[in-house]
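First the structure, in the form of structure tokens, and then the observations on it.
Every heavy atom of this structure was used, including side-chain atoms; hydrogens, water molecules and symmetry mates were not.
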Amino acid sequence: MDTQQALVVTDAPGGLDALNDHLRQGWRVVSVAPMGGGGQTDGFAALVVIERAGPAVEAVLEQLAEEVEEVLEGDGAPDESAEVLPVRPPGERLRG
């Protein structure tokens with residue numbers, strides 16, 4: 001299940017800090033809506049709805065990270081089951 005939160009973002013100093021913190025932690029923006037008095041104020045505010053993926057997505061991302069790490073730790077040689085394709089020498093034309 002996904003988790004959602006609503007944040008009010010302003011143009012005041014530090015007004016984006018909470019949103020940036022959440023984005024660094026893997027949250028994503030779902031929607032943004034302006035707030036305010038229709039030009040009656042000097043500031044800016046927006047309602048930002050953010051969402052964090054539930055445990056199922058997090059588990060898939062963890063598994064993917066582990067698989068990438070295994071590949072990077074390998075010796076770079078292809079697996080025995082990998083198909084090896086022939087490579088044409090540079091400048092050789094295809095025959096057809």
Side-chain angles (χ1 to χ4, degrees):
M1 174 186 241
D2 293 341
T3 303
Q4 290 189 339
Q5 274 189 16
L7 302 173
V8 175
V9 176
T10 67
D11 62 352
L16 285 172
D17 291 350
L19 177 60
N20 285 332
D21 289 343
H22 281 87
L23 294 175
R24 277 192 285 281
Q25 295 171 13
W27 292 71
R28 66 182 182 96
V29 174
V30 176
S31 67
V32 178
M35 298 173 58
Q40 301 296 322
T41 63
D42 292 337
F44 169 82
L47 179 65
V48 180
V49 177
I50 57 175
E51 179 176 81
R52 180 176 57 194
V57 172
E58 290 173 1
V60 170
L61 292 175
E62 286 177 20
Q63 180 182 356
L64 180 60
E66 289 173 9
E67 290 175 6
V68 168
E69 187 175 316
E70 288 175 12
V71 169
L72 294 177
E73 290 176 353
D75 61 4
D79 293 339
E80 296 295 323
S81 63
E83 180 181 355
V84 179
L85 300 174
V87 177
R88 266 185 311 113
E92 182 178 304
R93 297 182 150 241
L94 292 175
R95 295 181 202 138

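None of L23, D21, D17 except one satisfies the side-chain contact (heavy atoms from CB on, under 4.5 Å) rule with L19; the exception is L23.
Separating the CD atom in Q4 from the CZ atom in R28 is a distance of 8.5 Å, to the nearest 0.5 Å. To the nearest 0.5 Å, atom CD of residue E66 and atom CG of residue L64 are 9.5 Å apart. Distance CG/D11 to CG/L16: 9.0 Å, rounded to 0.5 Å.
In this structure, W27 and T3 approach most closely via the heavy-atom pair CZ3-O, 3.7 Å. Summarising the geometry of G15 relative to V9, their closest heavy-atom pair is O-CG1, 3.7 Å, with the distance given to 0.1 Å.
I50 and V32 fall within the same hydrophobic cluster, where Ile, Leu, Val, Met, Phe, Trp and Tyr residues are linked whenever their side-chain heavy atoms come under 4.5 Å apart, directly or through other members.
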